[in-house]
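Below, chains carry the letters A, B, ... as their sequence lines are ordered, and counting in each starts from 1.
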Number of protein chains: 2
Amino acid sequence: MQSAFLSKEERQLLEAAILPPRVIRAGTDLAREGERADSLFIVADGWACRYSTTSDGRRQLPALLLPGDVGNLDSLLFDRLDYGVRTLTEATIVTLPRDRALALAAQHPGIARMFTWLALVENAILGKWALSLGRRSAKERLAHLLCELSVRLGNDDEAESSFDLPLTQEHIADALGLTPVHVNRTMQQLRTEGLIVSGNRKMTLPDVVSLRKLGGFDPGYLHIAPPADTQLC
Amino acid sequence: MQSAFLSKEERQLLEAAILPPRVIRAGTDLAREGERADSLFIVADGWACRYSTTSDGRRQLPALLLPGDVGNLDSLLFDRLDYGVRTLTEATIVTLPRDRALALAAQHPGIARMFTWLALVENAILGKWALSLGRRSAKERLAHLLCELSVRLGNDDEAESSFDLPLTQEHIADALGLTPVHVNRTMQQLRTEGLIVSGNRKMTLPDVVSLRKLGGFDPGYLHIAPPADTQLC
DNA sequence: CGGTTCGTTGAGGCCCATCAATCTATGTGG
DNA sequence: CCACATAGATTGATGGGCCTCAACGAACCG
């Protein structure tokens, strides 16, 4: 999760409240839209996503979930899910019962603040996705997404970056609001222009500076480090 | 704001922490992207929006702010804004200093929970916007937005609905990721089909059922009423 | 070795963008 | 009270980015 707001005691309490991890194979639903969920699913390893669909089956991902992300933070306060949560790779998932989470949040301000923090970061990311979906071309969207994933995976800021990218082109299409065919053609463009080197589930960004410029990417919105003056508790 | 989580005492404390309302004319920035904001701006009356822009000036609204909404909830925990906040009509704005808000949240679990709730609702709405932006046609997007605004403005569920819509077609375009010209043509289509009656800043939805079906709108995601089992504090 | 998943390529078409002009309503100053 | 300016709505013509449909290739696996 995100522990910068937590005291040692709070961190221990959270860890004690968590159920043992489960390993889940790729492509399985942790929860479906409209279901009740009485636990939070936390991705400990692997990739997952939130997805929502129109009535006729068009699919859009409102979030890609990387290790440390909570799959269904909404379930903390909502009784029904607005989206589905699905693994994209084999993943190990940790479960935090909602009751325990609520009780801890009520007794420990740091834990409550952590949940708010998590929700706000999700919001910031989704806001940038909306900008991409509404106003950026396919090439720009792809560039922006790759830059975001690179940073969220912990890669250094401006250096050449290389990471595992277990997403299929269809997953990427569902994140970017495009068709798989067009994602394919767009990736070829970036490849031709020397902005990405990809294949075999690996992605390398040889020229992060140019890719960021193309995608209009500025990492500030990810709020990787909490601001100093709120770390007090 | 949203007071279902609050005790009487907490509500009074919040009201006491709030600075006097200001009336602000249409089209003025309450805050700009990248700025520090040491207060939360709460819309008490009128309309406002969050907006973000690409480097070359394309604009996308990640949120429309109606009375009761918080313009910049992020400022509770982030030191810099990821978006701008701007009034769309003359609006009266109420201000809550961030320090006060944080202190209250630390001492009163109900207030902390309210902030989390607000963030999660924003997230739910934005998630649906992403689905629209990524996967729905112009007509569907417009239908969905109008249905959402109708409900958020307090109109009854399935009845014919009529409300003030002070947005220009350009505002709508920026919310939907379209051009003003295309919003105009799309509105004409809906008008011809008898799904909307509009003009002079008013909007009437004579056939909400059909409009919802067209836009794929299901109001559940707005979480208008908090679930019963979380109202305890 | 056959099946399945994923990536790639091609041809054709539509939705929406772009550019530009006109129309209407509102407001303002002389 | 009219001349004028401005903001917003409307309409037309044209083009392009991305979709759709379809087929094929490549990698992996039981």
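For CG of Asp56(B), the number of neighbouring non-hydrogen atoms (other residues, nucleotides, ligands) closer than 6.0 Å is greater than 12. Other residues, nucleotides and ligands place more than 12 heavy atoms under 6.0 Å from the CZ atom of Arg191(A).
Shortest non-hydrogen contact noted between Trp47(B) and Leu165(B) is CH2-CD1, 3.8 Å.
A salt bridge between Asp174(A) and Arg135(B) is present, with a side-chain N of the basic residue lying under 4.0 Å from a carboxylate O of the acidic one.
In this entry the distance linking NE2 of His171(B) with P of dA7(D) reads 12 Å, nearest Å. When rounded to the nearest whole Å, the span between CZ of Arg136(B) and P of dC16(C) equals 13 Å. In this structure, NZ of Lys139(A) is placed 10 Å from P of dC18(D), rounded to the nearest angstrom. Atom CE of Met203(B) and atom P of dA9(D) are 11 Å apart (whole Å).
Side-chain nitrogen and oxygen atoms of Arg141(A) include none within less than 4.0 Å of the OP1 or OP2 phosphate oxygen of dG17(D).
Across all strands shown, Arg58(B) has no heavy atoms under 4.0 Å from either base or sugar-phosphate atoms.
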Let me see the working for Leu133(B) and Arg141(B) under side chain to side chain contact (heavy atoms under 4.5 Å, CB included), right down to the final yes or no.
CA-CA 7 Å; Leu133(B) 290 168; Arg141(B) 285 183 222 183; 4.2 Å; yes
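Geometrically, Arg212(B) does not engage Phe217(B) in a cation-pi contact defined by less than 6.0 Å to the ring centre and at most 45° from the axis.
Of the residues in residues 177-191 of chain A, those lying under 4.0 Å from DNA chain C by heavy-atom distance are Val181(A), Asn184(A), Arg185(A), Gln188(A), Arg191(A).
Of the candidates dC28(D), dA9(D), dT8(C), the closest approach to any side-chain atom of Asn200(A) belongs to dC28(D).
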